[in-house]
There are 2 protein chains.
Amino acid sequence: MQRHETDPEALLEIFQRTLIQAGIKVTHQRLEIFKELCKTTGHPDAETVYKNIAPKLPTISLDTVYRTLQLFAKLGLIDIFGTQYSRMRFDTNTKPHHHFICTNCGTIYDFYSEELSNLNIPDAVRKIGEIQKIQLEIKGICHQCANEAESTKT
Amino acid sequence: MQRHETDPEALLEIFQRTLIQAGIKVTHQRLEIFKELCKTTGHPDAETVYKNIAPKLPTISLDTVYRTLQLFAKLGLIDIFGTQYSRMRFDTNTKPHHHFICTNCGTIYDFYSEELSNLNIPDAVRKIGEIQKIQLEIKGICHQCANEAESTKT
DNA sequence: CTACATGCAAAGGGTTTGCACGACA
DNA sequence: TGTCGTGCAAACCCTTTGCATGTAG
């Protein structure tokens, strides 16, 4: 079962418990970084987090923010977008299509579906902004990687 | 109207015409890079393209590949994923949700939809690999950016 | 022939790492 | 008090840029 909490206090408690269970110290920096993340919407980048907590922690450094965020991700407290396979990728496929992204090798597979290309978009989205492109993004492990893992087992 | 060609020759013709119309020279390098992209699936990164054409163009350099790919993207011949907002982004939202990504400021907005969280995934996808996570990714311009652009016009 | 494209090498920006000091349990 | 976490600075990787030479039209 997944955690679906939104209550700040509940989140903080989960945070503390998770760290303690993992034998990791609950430092001032880690606490502030986590609180900052809970507060923010818009999926901030490391520098934004850094700037926002700087008033409270004047001596913190950007690399601590990075290290802490990676730690949180390992503990399953947060999600990270972007780095693991953040190299630019290129393709000539200009037909409407969707993506299957292998989280192991980074390969992006295209697939097509008329149904998925004609989805009902909730009104909430129009309140956010003007839509240019809609794509389904499916993450998983491609069979090729799965097979390689299998054959390496031996 | 969008281009939906798959025939290699048709693609090459469009390629040549597009470059000529834009007053851009059809060099050996550009041609090979484009052909390589047409041939490949899996949205290669710059280095992969570079390695694949190296046998044909032993003196080509990686930066030419980058420059050429950016040029193609500007001309609308290809799509690029990843660089513009490739900084890592973090969030604590572990509820099932979808993303609206502003292509101007890079902000990621979350939205929710029960309907969209229970989509029919085509069988073709299962042939690619094991699914871990399904998210809709909507790209566009958020109202905040649109408003700022408006007020700057003056 | 001339302007544009390329190759080289070095710079740039975001992220990661090694090391010694500092702080939590 | 011992061990883990932090800050500093330098390294690292991918991508971009400046400049002189090469080449398509």
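The figures that follow rest on heavy atoms only: side chains count, while hydrogens, waters and symmetry mates do not. In what follows, chains carry the letters A, B, and so on, assigned in the order in which the sequence lines appear, proteins first and then strands, with residues in each chain numbered from 1.
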Q) Would you call B:R87-A:E47 a salt bridge at under 4.0 Å N-O? A)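 Yes, B:R87 and A:E47 are salt-bridged.
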**Q.** Check ion pair A:K127-A:D123 (N to O, under 4.0 angstrom)
**A.**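 No.
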Provide, to the nearest angstrom, the distance between the [atom1] atom belonging to [X] and the [atom2] atom belonging to [N].
X	N	atom1	atom2	result
A:L57	C:dA23	CG	P	13 Å
A:Y50	D:dT6	OH	C1'	13 Å
A:L62	D:dA11	CG	P	18 Å
A:L31	D:dG5	CG	C1'	15 Å
A:I33	D:dT6	CD1	C1'	11 Å
A:F90	D:dC14	CZ	P	13 Å
B:M88	D:dC12	CE	C1'	15 Å
B:I80	D:dC14	CD1	C1'	14 Å

Q | Within 6.0 angstrom of B:Q135 CD, more than 12 heavy atoms from elsewhere | A |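 Yes, CD of B:Q135 has more than 12 neighbouring heavy atoms, counting only those of other groups under 6.0 Å.
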**Q.** Reference residue A:L31; test side-chain contact (heavy atoms from CB on, under 4.5 Å); the match among A:L57, A:L12, A:I53
**A.**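 Option passing the side-chain contact (heavy atoms from CB on, under 4.5 Å) with A:L31: A:L12.
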At under 4.0 Å, does any side-chain N or O of [X] touch on OP1 or OP2 of [N]?
X	N	answer
A:R30	D:dG5	yes
A:Q29	D:dG5	no
A:T59	D:dG7	yes
B:S61	C:dC8	no

Q: Classify the ring geometry between B:F15 and B:F34 as parallel (under 30°), tilted (30 to 60°) or perpendicular (over 60°).
A: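 Parallel, since the angle between the ring planes stays under 30°.
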Q. Which of these nucleotides, C:dT16, C:dT6, D:dC14, is closest to any side-chain atom of B:T68?
A.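 Shortest atom-to-atom distance from the side chain points to C:dT6.
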Q: Consider the side chain of A:D63, meaning its heavy atoms from C-beta on, and name the nucleotide among C:dG7, D:dC8, D:dC14 that approaches it most closely.
A: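 In terms of side-chain proximity for A:D63, the closest of C:dG7, D:dC8, D:dC14 is D:dC8.
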Please list, pair by pair, any protein nitrogen or oxygen found under 3.5 Å from a nitrogen or oxygen in nucleotides 21-25 of chain D.
unit_1: D:dG25; atom_1: OP1; unit_2: B:V26; atom_2: N; d: 3.3

Q: Kindly state which residues belonging to residues 37-48 of chain B come within less than 4.0 angstrom of DNA chain C, counting heavy atoms of the residue only, listed by number.
A: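 Residues of residues 37-48 of chain B under 4.0 Å from DNA chain C: none.
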Q: Would you tell me whether B:D79 and B:H43 have side-chain atoms, one donor and one acceptor, within less than 3.5 Å of each other?
A: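 No, no side-chain donor-acceptor contact under 3.5 Å.
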(Q) Can you see whether A:N93 engages A:Y112 through a side-chain donor-acceptor pair at a distance of less than 3.5 angstrom? (A)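 Yes - a donor-acceptor pair under 3.5 Å links their side chains.
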Q. Just by distance, do the side chain of B:H97 and the backbone of B:Y109 share a donor-acceptor pair under 3.5 Å?
A.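 Between the backbone of B:Y109 and the side chain of B:H97 there is no qualifying donor-acceptor contact (under 3.5 Å).
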Q | Criterion ring pair (Phe, Tyr, Trp, His ring centres under 6.0 Å) on B:F81 and A:H99, from CA distance to verdict | A | CA-CA 11 Å; B:F81 303 91; A:H99 287 324; 5.0 Å; yes
